[in-house]
Number of protein chains: 2
Amino acid sequence: MKSTIREVAKLAGVSIGSVSNVFNGRRVRKDIYQRVMEAASVLEYTPYAVARKLALKKTKSIGLFIPHRGKEMFITGLWGFLTSLIHGIFKVTEARDYSFYLDFSSLSKIKEKDLLNKIVKERALDGMIIFLRCPIDCKLVAEIERQNFPTILVNAGLSGVNIPSIEVNNFKGAKEAIDYLIKLGHSRIAMITGPLEFLDVKERIKGYKQSLKEHDIPYDPELIKEGDWVFKTGYFHTKELINLKKPPTAIFCANDPMAAGAIKAIKEEKMLVPEDISIIGFDDQVSAKMLEPPLTTVRQPLYQLGVLSAKKLFDIIDRKNSGPTKKILDPKLIIRDSCTSPKNASKRK
Amino acid sequence: MKSTIREVAKLAGVSIGSVSNVFNGRRVRKDIYQRVMEAASVLEYTPYAVARKLALKKTKSIGLFIPHRGKEMFITGLWGFLTSLIHGIFKVTEARDYSFYLDFSSLSKIKEKDLLNKIVKERALDGMIIFLRCPIDCKLVAEIERQNFPTILVNAGLSGVNIPSIEVNNFKGAKEAIDYLIKLGHSRIAMITGPLEFLDVKERIKGYKQSLKEHDIPYDPELIKEGDWVFKTGYFHTKELINLKKPPTAIFCANDPMAAGAIKAIKEEKMLVPEDISIIGFDDQVSAKMLEPPLTTVRQPLYQLGVLSAKKLFDIIDRKNSGPTKKILDPKLIIRDSCTSPKNASKRK
DNA sequence: CTGTTAGCGCCTTCAA
DNA sequence: TTGAAGGCGCTAACAG
């Protein structure tokens, strides 16, 4: 349990170097190998990871940072959303025999303790992936860049930064959703967004507006509601939307839980989804297909995002040429049963 | 970035020891403190975490292991279930400035690579929490015990083990669910279980049977279906259940996604929940309240489980007396709208 | 191939 | 208090 390489060497009657060779899979004389293994077994020797790290100056571990603004992280089921991302990252790290650290500190804490910066400088990790949804202190990013610490920015949507990043095309996802709705004949389309400071939310709103514009549908600010990702909010905003003088015939929700809330609100008003109001979500969380009706939604390629970002990170750690420094993944519209043509389906461009 | 304590000492014109003292918050002469801080700032010095770990023989990190059997981990939304557990653990580790390491290796891989054992011996972590739902190799557990490595077993349901453990009373949770259904007047109650080798599943089945027994309701094996946690399975099993000659008036599902599947199946058959068939779930995942109707379910105190297990782990790491070695938490029945009395509510004990 | 030795960067005695 | 020196356990370079 607490034996060292020295003791093993002594018991086996060989040098420390030979023991090290054996445990690092280098070619060793057979009898020496035998004796070392035997001694190690007797002493229950296992190399001490930390010491090895010090000698190697490698930690064989990477971290995933998910800075957040407040309490929303766990409350909103944001996790459901992250599942696949983490899965993807884990698959890659596992294959490389790396450890995987997770950190969900709040943005304020990160700033306060200069958390990331500390990690970068303490070199406790070989690299890190930062999943960013709301703007982060630019100084921090600049510092990371300057330190030249292997880092991947996921979903950051930052421009003018040289840190490799990988994102989902939120603009395109939203635009396709609205295009689809318009093709079905809708022209009065509402949107329940996420918090406006989220970078992906901004993109989705842009996509929404762009689609309207391309189809010559006027933009009506009355139809935009700022949400906060949670079920309840989708519910209440939908109630308000329904009670508008000119209610929408379709609602685009910036994530699935809010879409679930929307569906509930509509049903409560004795209306039908999709016959009276079509609903479209975003993410394609596991719950999307459990809804009634099954939710049409924009699927984010989260697993792939995880895999690609981890691979890219290892490329950097290995100092391979890492290809383009920015990659953008396309989301995909998953059509289920929550959308149809509006009742008075007159309009079609 | 790559400066060492030695360089700082030299630049500041003090000894290495003094620099160390400054960085460890020990009392130091003011002018020395000043000079050290200044030199450190100039050189951008930050203590190197790995070296410190080696000297201290502490890693300041703990791990959460979630061994699983195959692919179910990410596919089934098991994660939705783990969210709160992880949240609880993270809260505690964060407060202690510890890192939090995550591992989802499959059981077979753990065995093959002797993963846990390796971690224990390599001392790459100060302690670990193992979330166990299916039986693990007893040798492994015995080894952990022998090594005396700080470990908490969560949900293991192992007996005859001295490793501190903390569990949810699955038996009681299931029993209360069935008691509730029986009180509503049901006597023909089906159960869709999880995989039978899961320890918590066994307990839930026991609770189910016990409740029936206490109310003199005969146990009918036809009403028990082995599920696998996923939506689809709940759906298909429910279809079968409905088509029995004597269909159940209530179905107890071992988790919420299967309950969602059950609800869907029932609706498809033009029947109503809860009027025709009552549904009760387990877990109280975020999706439970999004269902139509909102799901009555047994809430697991997962957040608390996370907090308590992490606290207990730190007690052990700190060598505090750690109180009782086994703790059992009670789940709680959350009554929403998916259960009611059966139509011909004649029976009541 | 094997054994020796000098670090890796920090912390902690022990004298002074 | 401070400074010097000896580890912590391992790897890697080098000489044999």
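Every chain is numbered from 1 and lettered A, B, ... according to where its sequence line falls, protein lines coming before strand lines.
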Under the ring-ring contact (aromatic ring centres under 6.0 Å, His included) test, which residues partner A:Tyr98, sequence neighbours left out? A:Phe314

Can you measure A:Lys53 atom NZ to D:dG9 atom C1' for me and round it to whole angstrom units? 14 Å

In degrees, rounded to 10°, what is the bend between the two ends of the helix from C:dC1-D:dG16 to C:dA16-D:dT1, using five pairs at each? 40°

Is the shortest side-chain N/O distance from A:Arg29 to OP1 or OP2 of C:dC1 below 4.0 Å? no

Quickly work out the B:Asp31 CG to D:dT1 C1' distance and round it to whole Å. 12 Å

Please report the distance, rounded to the nearest Å, between CZ in B:Phe23 and C1' in C:dC11. 14 Å

When rounded to whole Å, the NZ to C1' distance for the pair A:Lys10 and C:dG3 reads 17 Å

Pair B:Arg96 + B:Asp318: basic N to acidic O under 4.0 Å: yes

Below 30° counts as parallel, above 60° as perpendicular, anything between as tilted: where do the rings of B:Tyr101 and A:Tyr101 land? tilted

When all nucleic acid strands are considered with a 4.0 Å heavy-atom cut-off, which category describes A:Val50: base, sugar-phosphate, or nothing? nothing

Can you tell me how far C1' of C:dT2 sits from CG of A:Asn24, to the nearest Å? 15 Å

Going by an N to O cut-off under 4.0 Å, is there a salt bridge joining A:Lys311 and A:Asp315? no

Among D:dT2, C:dC1, C:dT12, find the nucleotide with the atom closest to the side chain of B:Ser20. C:dT12

According to the interplanar angle, ranging from 0 to 90°, do the rings of B:Phe104 and A:Phe90 count as parallel (below 30°), tilted (30 to 60°) or perpendicular (above 60°)? perpendicular

Polar atom pairs between nucleotides 4-9 of chain C and protein, under 3.5 Å, N or O only, would you list them?
unit_1 : atom_1 : unit_2  : atom_2 : d
C:dG9  : OP1    : A:Lys57 : NZ     : 2.4

Protein-nucleotide distance (B:Arg26, atom CZ; D:dG3, atom C1'), rounded to Å: 14 Å

Residues forming a side-chain hydrogen bond (donor to acceptor under 3.5 Å, both in side chains) with A:Arg27, sequence neighbours excluded: none

Is B:Glu44 paired with A:Arg146 through a side-chain N to carboxylate O contact shorter than 4.0 Å? yes

For atom CG of B:Asn21 and atom P of C:dC11, their distance in whole Å: 9 Å

Mind checking what makes side-chain hydrogen bond (donor to acceptor under 3.5 Å, both in side chains) contact with A:Ser18, not counting sequence neighbours? A:Ser15

Got a sec, which residues hit side-chain hydrogen bond (donor to acceptor under 3.5 Å, both in side chains) with A:Thr4, two or more places apart in sequence or on another chain? none

